[in-house]
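So the structure is just underneath, and the comments pick up after that.
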Number of protein chains: 2
Amino acid sequence: MTTLKELAALLNISVSTVSKALNDSHEISEKTRVRVKELATKLNYKPNRIAQQLKSSKTKVIGVIVPSLMNPFIAEVVHAIEMTLDKNNYDMSLCISNENLKKEQRSVELLSNGSVDGFIVAVARETQIKNKIEHFENVNKSTPVVMFDRVINEIECDKVVVDDFQSVYETSRYLIDKEKREHILLISNIEELSVGKYRIDGYTKAVKESNLKVSVLKLGGIVNPDVKIYDYLKLNPKIDAIISIDHITGIMALNMLKKLGKEIPTEISVIGFGYSDAQFVSNPKISVINQKAREIGEITTKIMLEKIKGFKDRDLKTIVIPSEIILRESTK
Amino acid sequence: MTTLKELAALLNISVSTVSKALNDSHEISEKTRVRVKELATKLNYKPNRIAQQLKSSKTKVIGVIVPSLMNPFIAEVVHAIEMTLDKNNYDMSLCISNENLKKEQRSVELLSNGSVDGFIVAVARETQIKNKIEHFENVNKSTPVVMFDRVINEIECDKVVVDDFQSVYETSRYLIDKEKREHILLISNIEELSVGKYRIDGYTKAVKESNLKVSVLKLGGIVNPDVKIYDYLKLNPKIDAIISIDHITGIMALNMLKKLGKEIPTEISVIGFGYSDAQFVSNPKISVINQKAREIGEITTKIMLEKIKGFKDRDLKTIVIPSEIILRESTK
DNA sequence: CTGTTAGCGCTTTCAA
DNA sequence: TTGAAAGCGCTAACAG
């Protein structure tokens, strides 16, 4: 790789002159500036990023720590984060905790040595369950942190979340009030997560205030969730609506219902949580609570970048992105 | 952030002594080593990564450039890459080309200034279509490059690919020979990609050598692929088997067939391309050609790391990961 | 065993 | 308009 020193030597001028010329400093003459730039392009010179980082003590890199890329919602958010960072000339260092506390701790640890200017985080399942938060407490003192979706209340940082409670509450109300459903089942494979609890709470509130029965089928970590769903529905033929609070069990339910010969949406409605392919993969096309992954990624990133640019006394905010209910074919 | 200098000052010893003590140099006395380490942990000292990188001219970062994270196969490969890099104490800098040539070029450009020790790439759709490869040619001279799945033949680098031709050929043969199918339709939304072409070729060969008709339904970039599939199947009721060469149109076809009242797999079989959730999302559970994303990610990364460690290992290899045919419920 | 020094590649102040 | 020099934080060869 070509360096400033080499350019300087070849041109018989000093390193600092070369540096200034390349950075369009006005204190350099037109002539040498041109001379320098010509040679630079000819030799395909690129300033060594590491050296610049050391000098400026800014990396223009954001560390992104997420539980998994096999969750389509998270994948889409990460996608959006990258796009937004890129627009602002930032790079992304991606760590995947794999839902694992230890790995998450290590990632935070490893990147908080000057490698990144900030952290964007969705916390691991295990971290939420055990409520271990020291690693974030430490890093949060010295580096900006923004959490999205899976956040930790006790950590004082900016947060971008979905209206988990509200969206499921409203969805339940819709089923009760508009569709006159009376036996609504909630199914879930994320009941241990904070977001899962909020969603279940939203459902519970709506159902209770209409004096209906609370039915929650918890599938987290289970081997054959589809047969579990099938069996439950077979045993409980009165169920006339299903809300799934994750990305997959709703589509499963749809399939199981068809297997049971149920008419959708006349006999029973299904509403799931949305991701980009959900409608293509399901038939009838599943109605969903859509989480606006792209928007979440974009806003999270923008908050991060503002933070870095240094509005020092900017107070911390928690932004709630309202999700939208998209009614497709699995509801009346 | 605490620095060596600060530690040295507090302990009244030199910076280099501190450095050596922390690195367990044998030329440092037990006593000072302990003293130094104690203070270091007390002040939560962490060596500045950037400085180390500058010094060693190694970053221990691999640049990963992929077209999209919304493709579940790619997301899973990236996931596996991260896991493997992490095991080897490497970080990942992730760029998403978004299937876009310009952005891919920029990403390569931006990272090839000392930011990373190597590149792992799956090339963008537009890059493949236009066959623009200069950006890789340049970087390939100075930095190790490993491509996976979507590779460029003209670039001389290590490659990890799937047996696109062979797997679809064998799948077709299975349908013809074992299931005695005679009207096999191939559907695709990736026909412009190299991998898409190989897959179609595999199908074509098998069908032709049995004197059956070649039927290919191309859906790339189309707005409502599902209705297109529906219409086609309605117009061509003789079709008795479908091979989808991407991750989504197979499941779509399954759904459309049910809509048309077809019995699966008695009247018609469907085989798609696999990803981790495919079986949960489809009913009957879709039979697939499974691409072993995890394995691809792991091997790609291992090759990359070997490459970096062993400069001398000059010979380039192309590794073909055989995919497996998983017969589930959508085939006889 | 410990310290001095040089240098990785770059930017930036200050002096010429 | 140009250049010398310092320094970002670290490592390591060489001296003491």
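Residue numbers begin at 1 in each chain, while the letters A, B, ... track the order of the sequences.
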Is it true that the side chains of B:S25 and B:N23 contain a donor and an acceptor less than 3.5 Å apart? no

Within the structure, does a side-chain N or O atom of B:Y45 lie under 4.0 Å from either OP1 or OP2 of D:dG9? no

Angle, rounded to 10°, between the helical axes spanning five pairs at each terminus of the helix from C:dC1-D:dG16 to C:dA16-D:dT1? 50°

Looking at B:N44, B:L10, B:N48, B:L7, which hits side-chain contact (heavy atoms from CB on, under 4.5 Å) with B:T2? B:L7

Can you check whether B:S19 has a side-chain N or O nearer than 4.0 Å to OP1 or OP2 of D:dA12? no

Could you please spell out the steps behind the side-chain hydrogen bond (donor to acceptor under 3.5 Å, both in side chains) verdict for A:T17 and A:S14? CA-CA 5 Å; A:T17 305; A:S14 80; 2.9 Å; yes

For atom CG of B:D24 and atom C1' of C:dC1, their distance in whole Å: 15 Å

Without decimals, in angstroms, what is the distance between A:R49 CZ and D:dC8 C1'? 16 Å

Touch class at under 4.0 angstrom, heavy-atom based, for B:T32 against every strand present: sugar-phosphate

Heavy-atom donor-acceptor pair, A:K159 side chain to A:N153 backbone, under 3.5 Å: yes

Let me confirm one number: the CD-CD1 distance from B:E82 to B:I62, rounded to the nearest 0.5 Å. 12.5 Å

Length of the CE-C1' vector between B:M1 and D:dG9, whole Å: 9 Å

Whole angstroms only, please: what is the NZ-C1' distance between A:K55 and C:dT11? 5 Å

Does B:T84 use its side chain to pair, donor to acceptor, with the backbone of B:T301 at less than 3.5 Å? no

Length of the line joining B:I28:CD1 and D:dG16:P, which is rounded to integer Å: 18 Å

Give one of base, sugar-phosphate or nothing for A:T17, where a contact means two heavy atoms less than 4.0 Å apart. base

A:T32 and A:S29: side-chain donor and acceptor closer than 3.5 Å? yes

For B:I296 and B:F73: C-alpha separation, side-chain torsions, deciding distance, then whether side chain to side chain contact (heavy atoms under 4.5 Å, CB included) applies. CA-CA 10 Å; B:I296 293 171; B:F73 166 67; 3.8 Å; yes

Which whole-number value in Å describes the distance from A:Q52 CD to C:dC8 C1'? 14 Å

Atom pair distance, as rounded to whole Å: CD1 in A:I50 and C1' in C:dC10: 12 Å

Which of these passes side-chain contact (heavy atoms from CB on, under 4.5 Å) with A:S107: A:C95, A:S112, A:S97? A:C95

Using a strict heavy-atom distance below 4.0 Å, which residues from residues 4-16 of chain A are in contact with DNA chain D? A:I13, A:S14, A:S16

Step through the shown structure and confirm whether more than 12 heavy atoms of other residues, nucleotides or ligands are within 6.0 Å of NZ on A:K132. no

Using a cutoff of under 3.5 Å, can you pull out all pairs of nitrogen or oxygen atoms linking the protein to nucleotides 14-16 of chain C, with atom names and distances?
none

Given DNA chain C, 5'-ward residue of the pair A:A51 and B:R33, judged by closest heavy atom: B:R33

Exam field: side chain A:Q105 to backbone A:H135, donor-acceptor pair closer than 3.5 Å: no

Does any donor atom in the side chain of B:D117 or B:T59 lie under 3.5 Å from an acceptor atom in the other side chain? yes

Phosphate OP1/OP2 of C:dT11: any A:S56 side-chain N/O under 4.0 Å: no

Look at the side-chain N and O atoms of A:N48 and state whether any lies under 4.0 Å from the OP1 or OP2 oxygen of C:dC8. no

Touch check for A:S57, heavy atoms < 4.0 angstrom, all strands: base, sugar-phosphate only, or nothing? nothing

Nearest whole Å is fine: how far is D:dA12 P from B:K58 NZ? 12 Å

